[in-house]
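Here the structure comes first, spelled out in structure tokens, and everything after it is commentary.
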Amino acid sequence: GDDVFGEDPTVNLLQERVASLLGKEAALFVPSGVMANQLAIKCHTQPGDEIVVERLSHIFNYETAAPSLLSHVQLNTIEGRNGILTKSQIEKAIRSTAYYMPRTSLACLENTHNMGGGTIYPLDEIRKIRSVCLDRGVAMHLDGARLWNAWVATGIHPKEYAREFDSVSVCFSKGLGAPVGSALAGSKALIAKSRKYRK
């Protein structure tokens, strides 16, 4: 079958499995984690927006300035502790609604945090951050390239982490040993939009 027309049964099954594992409506197979993260950023933002990321995050350091190139957004980098940001740090980083400020439209967390030494994001802190973001109208994306590692180390199912995010990327070559591939999961509307941008 042709994946362009949604006919490839293997890809369809993989996407359904990932969506189910993460408790999301839909998922989209992509070649790389970078593409998954950048699709999420593109779908959650408008040109001129700002997204909050940790200073050592993969999105900031290893994705070739793609947010500025592809989505025309700037990054507000915050220094975490071993890659982990707190509710108060996120709260302070969200811009005011003054017309001369960029709109903070997205906060991206990374779990596990690669450059933080594989740090696992505490679920309680994620929930606190989610509360702030909901109050301020800021979407949340999880770079979950190594979410499988957090699952094994803590016993916390990926659904529990993913529940707090509007979108989640996962990588099949991290922890699972596949040679290539990632997926982005979220609402049906977000994945439909992502499919168009992927094309």
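We're numbering straight along the sequence, starting at 1.
You'll find the side chain of I156 stays beyond 4.5 Å of the side chain of W151, heavy atoms only. Annotation: side chain of I59 is in contact with side chain of I41 (closest heavy-atom distance under 4.5 Å). Residues S131 and D135 form a side-chain contact, since some pair of their non-hydrogen atoms from C-beta on lies under 4.5 Å apart.
Between L22 and A185, the closest heavy-atom pair is CD1-CB, 3.7 Å. Looking at every heavy atom in both residues, A183 comes nearest to V30 through N-CG2, 4.2 Å. Of all heavy-atom pairs between S182 and A36, the closest is CB-CB, 4.4 Å. Heavy-atom minimum distance, S32 versus M35: OG-N, 3.1 Å. The minimum heavy-atom distance linking I78 with A93 is given by the pair CD1-CB, 3.9 Å.
Side chain of S96 to backbone of A98: a donor-acceptor contact under 3.5 angstrom is found. Of the possible donor and acceptor atoms, none in the side chain of K128 sits under 3.5 Å from a partner among the backbone N and O of K87. Within the 3.5 Å criterion, the main-chain N or O of A145 finds a donor-acceptor partner in the side chain of D143. One N or O on the side chain of T119 and one on the backbone of N82 form a donor-acceptor pair closer than 3.5 Å. Side-chain atoms of T104 never come within 3.5 Å of backbone atoms of I94 as a donor-acceptor pair (strictly under, hydrogens ignored). Between the side chain of S57 and the backbone N or O of V53 there is no donor-acceptor pair closer than 3.5 Å. Judged purely by atom type and a 3.5 angstrom limit, R198 uses its side chain to pair as donor or acceptor with the backbone of F29. The main-chain N or O of L56 is found under 3.5 Å from a side-chain atom of E54 such that the two form a donor-acceptor pair. Judged purely by atom type and a 3.5 angstrom limit, T154 uses its side chain to pair as donor or acceptor with the backbone of A150.
Within the model, atoms NZ of K42 and NE2 of H72 stand 5.5 Å from one another, a figure rounded to the nearest 0.5 Å. Taken to the nearest 0.5 Å, the OG atom of S173 stands 8.0 Å off from the CZ atom of R146. The CG atom of D8 sits 8.5 Å away from atom CG of D2, with the distance rounded to the nearest 0.5 Å. For the atom pair D3 CG and N12 CG, the distance stands at 7.0 Å (nearest 0.5 Å). Between I120 atom CD1 and I84 atom CD1 the span is 9.0 Å, to the nearest 0.5 Å. Atom OG of residue S68 and atom CD of residue Q74 lie 10.0 Å apart, to the nearest 0.5 angstrom.
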Exercise for the section: Apply side-chain contact (heavy atoms from CB on, under 4.5 Å) to the pair L85 and E125, showing each step before the final yes or no. Expected result: CA-CA 8 Å; L85 298 174; E125 196 64 45; over 6 Å; no

Practice task
Step by step, work out the side-chain contact (heavy atoms from CB on, under 4.5 Å) result for S194 and C43.
Solution key: CA-CA 7 Å; S194 296; C43 290; 3.3 Å; yes

Practice task
Would you sort out whether L109 and F165 count as a side-chain contact (heavy atoms from CB on, under 4.5 Å), showing the intermediate values?
Solution key: CA-CA 9 Å; L109 307 184; F165 295 87; 3.8 Å; yes

Practice task
Take K188 and E25, measure what salt bridge (Lys or Arg N to Asp or Glu O under 4.0 Å) needs, and give me the verdict at the end.
Solution key: CA-CA 6 Å; K188 287 181 181 176; E25 289 181 342; 5.8 Å; no

Practice task
Mind running side-chain contact (heavy atoms from CB on, under 4.5 Å) on V180 and F172 for me, showing each step along the way?
Solution key: CA-CA 7 Å; V180 71; F172 305 130; over 6 Å; no

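Side-chain contact check for S105 and D49: at least one donor-acceptor pair (N or O, by modelled atom type) lies under 3.5 Å. Between H58 and E110, the side chains place no donor N or O within less than 3.5 Å of an acceptor N or O (distance only, hydrogens not considered). A donor and an acceptor atom, one from each side chain of H44 and S167, are located under 3.5 Å apart. Under the 3.5 Å distance criterion, with hydrogens and angles disregarded, a donor-acceptor pair is assigned to the side chains of N37 and H141.
Between K24 and D166, no side-chain nitrogen of the basic residue sits less than 4.0 Å from a carboxylate oxygen of the acidic one, so the salt-bridge criterion is not met. With respect to R95 and E50, a salt bridge is recorded, a charged nitrogen being found less than 4.0 Å from a carboxylate O. Between R127 and E160, at least one side-chain N (NZ, or NE/NH1/NH2) sits under 4.0 Å from a carboxylate O, which counts as a salt bridge.
When hydrophobic clusters are built by joining Ile, Leu, Val, Met, Phe, Trp and Tyr residues whose side-chain heavy atoms come closer than 4.5 Å, directly or via intermediates, M140 is grouped together with I90. Follow the hydrophobic side-chain contacts under 4.5 Å out from L184 and you never reach W148; the two are in separate clusters. Grouping the Ile, Leu, Val, Met, Phe, Trp and Tyr side chains by contacts below 4.5 angstrom, directly or via other members, places L28 apart from L142. Under the 4.5 Å side-chain heavy-atom criterion for Ile, Leu, Val, Met, Phe, Trp and Tyr, L134 and V52 are members of distinct hydrophobic clusters. Under a hydrophobic clustering in which Ile, Leu, Val, Met, Phe, Trp and Tyr are joined whenever their side-chain heavy atoms come within less than 4.5 Å, directly or via other members, V73 and L106 fall into the same cluster.
Under the side-chain contact (heavy atoms from CB on, under 4.5 Å) test applied with Y121, the options L147, I129, T112 reduce to a single match, I129.
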